[in-house]
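The next block holds one structure in the form of structure tokens; read it before the comments.
Per chain, numbering begins at 1; letters A, B, ... match sequence-line order.
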Protein chains: 2
Amino acid sequence: MRHGGSWNDERVEEAPRWLTAEEQTSWRAYLRASRELSFALEKDLQCHGVSLSEYELLSMLSEADDGRLRMSALADLIVQSRSRVTHTATRLERRGWVERGPAPDDGRGVVVQLTDAGRQAVESFAVEHVESVRRHLVDVLTPAQLAALGEAMGAVHTAYRADPTTPEPSECPTMEL
Amino acid sequence: MRHGGSWNDERVEEAPRWLTAEEQTSWRAYLRASRELSFALEKDLQCHGVSLSEYELLSMLSEADDGRLRMSALADLIVQSRSRVTHTATRLERRGWVERGPAPDDGRGVVVQLTDAGRQAVESFAVEHVESVRRHLVDVLTPAQLAALGEAMGAVHTAYRADPTTPEPSECPTMEL
DNA sequence: GACGTCTAGTTGACCCTTCAACTATGCACC
DNA sequence: GGTGCATAGTTGAAGGGTCAACTAGACGTC
């Protein structure tokens, strides 16, 4: 592993493929701006006392049939761990914005239901949040740029779905001190 | 920009501008994939016992002259709050990967210095991390897509710099329980 | 040279996320 | 119909991030 000695290819161990200058530039630009973006959106939302992940949960519910969704469906939609959704839902439940009930078809399942107060809340956030998304993302790009961004991220998503995470179970090889 | 003022130049209360279907699609694609991406990168790094933000800090230091940077420069480079950088640096210092010292030119300042062990550590992470970035982002896009992504995010960054965060101090207007 | 203000960085408390158990139900298979 | 395993969701502790308060040095001004 330590490519000291004769770091020759006994078999595997290809030469590390660094990023080209262009790749590096794009990657860094992504890294920087994505941080800034989530920072900005979070901050704008904060006025209303909700985090982005709370907003997303409520938002998904508000778009769902009858304002209800299974926990796991919610987790998939907003790309968060089950556990995190549980905690978030608990917080929102305490505020009276959602309620939990058993899933009719599956004894293990839990359905989250948006309450009237919850719907009212999301709707009151939505306008300003969309404004925020426009200000920080949509309106600063040309339609073509935005479309290209969406397309690229779509490809990232597709790749991720195909292979969510690659380190083999027995992996995590070299680990010093 | 104010959209050419095509429809409504009234000073007050414009109609809420929702996202168009295309805008919505792109925005959602971004939101989803950016979560997945940071998730995947974080997970791959986790093998080595560092988080992405720790890695970035070390990485910036390793690229800097003499492996040293001011705290504030570091914070700007990796787009994190001062406080967060302090905490992260403290953690890395405990592991012996960085050291803190006073800034020569400014009595208030602190410079973070990458130690030998620290440099060795980053270098050992780097190969696999780049691999990870390739697998989840760079290699799943065409060069043109990656360039477009970088360009779009560059524009997001520029806009953010111009106006980091917009809620006026007296803002956060309507706030119901 | 003392005052007010601004910038750099740290600290600690609180909150959110993560992670590793854990419960409970569904499902296959013999 | 019991055994084994997979899935759904929860829990609590541990760790990282945020926020507001704080220390301390710089800088301008009178």
Side-chain angles (χ1 to χ4, degrees), chain A residues 35-36 38-47 49-57 68-95 98-113 164-165 167 169 172, chain B residues 35-36 38-47 49-57 68-95 98-113 164-165 167 169 172:
Chain A
R35 282 263 170 77
E36 291 166 343
S38 63
F39 201 75
L41 295 175
E42 203 80 57
K43 194 138 197 178
D44 286 353
L45 223 34
Q46 184 176 311
C47 290
V50 286
S51 67
L52 185 54
S53 69
E54 286 168 342
Y55 176 82
E56 279 184 85
L57 194 158
R68 67 176 73 214
L69 280 172
R70 286 281 295 267
M71 291 294 283
S72 48
L74 219 31
D76 288 348
L77 280 170
I78 63 185
V79 192
Q80 291 182 4
S81 71
R82 308 276 159 112
S83 160
R84 183 172 173 182
V85 173
T86 294
H87 286 302
T88 306
T90 303
R91 250 175 289 139
L92 295 175
E93 198 170 22
R94 273 202 291 266
R95 297 206 216 176
V98 304
E99 275 165 3
R100 265 183 266 221
D105 54 322
D106 186 335
R108 302 164 298 177
V110 169
V111 186
V112 191
Q113 165 83 55
T165 172
C172 298
Chain B
R35 283 264 171 75
E36 290 166 345
S38 63
F39 200 76
L41 295 175
E42 203 80 55
K43 192 136 195 178
D44 285 354
L45 266 177
Q46 184 177 311
C47 291
V50 285
S51 66
L52 185 54
S53 69
E54 287 167 341
Y55 176 83
E56 279 184 85
L57 195 157
R68 66 176 73 215
L69 280 173
R70 285 282 294 269
M71 290 294 283
S72 48
L74 217 32
D76 289 347
L77 280 170
I78 62 184
V79 193
Q80 290 182 6
S81 71
R82 308 275 160 112
S83 159
R84 184 172 172 181
V85 173
T86 295
H87 287 303
T88 305
T90 303
R91 247 175 292 139
L92 294 175
E93 199 171 22
R94 273 202 292 266
R95 296 206 216 177
V98 304
E99 275 166 4
R100 266 183 265 221
D105 54 321
D106 186 335
R108 302 164 297 178
V110 170
V111 285
V112 190
Q113 165 82 56
T165 171
C172 298

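- One distance of note links CG of B/L74 with CZ of B/R82; it measures 10.5 Å at 0.5 Å rounding.
- Within the structure, every side-chain polar atom (N or O) of A/R100 is placed at least 4.0 Å from both OP1 and OP2 of D/dG9.
- Nearest nucleotide to the A/R84 side chain, out of D/dG9, C/dT18, D/dA20: C/dT18.
- Residue A/H87 contributes atom NE2, which lies 10 Å from atom C1' of C/dC19 at whole-angstrom precision.
- Looking only at side-chain heavy atoms (C-beta outward), B/R70 and B/D105 come within less than 4.5 Å of each other.
- Distance A/R95 CZ to C/dC15 C1': 12 Å, rounded to the nearest Å.
- Atom CG of A/L52 and atom CD of A/E54 lie 10.0 Å apart (nearest 0.5 Å).
- Atom CG of B/L45 and atom OG of B/S38 lie 11.5 Å apart (nearest 0.5 Å).
- When the side-chain nitrogen and oxygen atoms of A/Q46 are compared with OP1 and OP2 of D/dT18, none of them lie within a distance under 4.0 Å.
- For C/dC19, the base has a donor-acceptor partner in the side chain of A/S83 [N/O atoms by modelled type, under 3.5 angstrom].
- Put simply, B/S81 has a side-chain N or O that comes within less than 4.0 Å of OP1 or OP2 on D/dT18.
- For the helix from C/dG1-D/dC30 to C/dC30-D/dG1, the terminal axes (five pairs an end, C1' atoms, rotation from four pairs onto the next four) enclose an angle of 20°, given to 10 degrees.
- The 5' end of DNA chain D is approached more closely, in terms of each residue's nearest nucleotide, by B/E54 than by the other of B/D106 and B/E54.
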Sequence-aligned protein contact record of nucleotides 2-7 of chain C, with B where the base is within under 4.0 Å of a protein heavy atom and S where only the sugar-phosphate is: -----B
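- Without hydrogens or angle criteria, A/R100 side chain to A/V110 main chain gives no donor-acceptor distance under 3.5 Å.
- Between the P atom of C/dA8 and the CG atom of B/L69 lies a distance of 15 Å, rounded to the nearest Å.
- Within the 4.0 Å cut-off from OP1 or OP2 of C/dT17, at least one side-chain nitrogen or oxygen of A/S53 is found.
- If you take CD of A/E93 and P of D/dT11, they are 10 Å apart, rounded to a whole angstrom.
- With distances taken from any side-chain atom of B/R70 to the nucleotides C/dT11, C/dA8, D/dG9, the minimum falls on C/dA8.
- Nearer the 5' end of DNA chain C, as judged by each residue's closest nucleotide, is the contact made by B/A73, out of B/A73 and A/G107.
- Taking atom CZ of A/R91 as the reference point, atom P of D/dT10 lies 13 Å away to the nearest angstrom.
- Contact annotation: B/S72 side-chain N/O to C/dG9 OP1/OP2 distance is under 4.0 Å.
- Using modelled atom types, no side-chain atom of B/Q80 and backbone atom of B/V85 make a donor-acceptor pair closer than 3.5 Å.
- Atom CD1 of residue A/I78 and atom CZ of residue B/R35 lie 7.0 Å apart, to the nearest 0.5 angstrom.
- Checked by atom type and distance alone, the side chain of A/Q113 never pairs as donor or acceptor with a backbone atom of A/E99 at under 3.5 Å.
- Between the CG atom of A/D105 and the C1' atom of D/dT7 there is a distance of 13 Å, given to the nearest Å.
- The CD atom of A/E42 sits 8 Å away from the P atom of C/dT17 (whole-angstrom rounding).
- The shortest distance between side-chain heavy atoms of A/T88 and A/S51 does not fall below 4.5 Å.
- Considering only heavy atoms from C-beta on, A/H87 comes within 4.5 Å of A/R91 through its side chain.
- D/dT18 atom C1' lies 12 Å from atom CD of B/Q80, rounded to whole Å.
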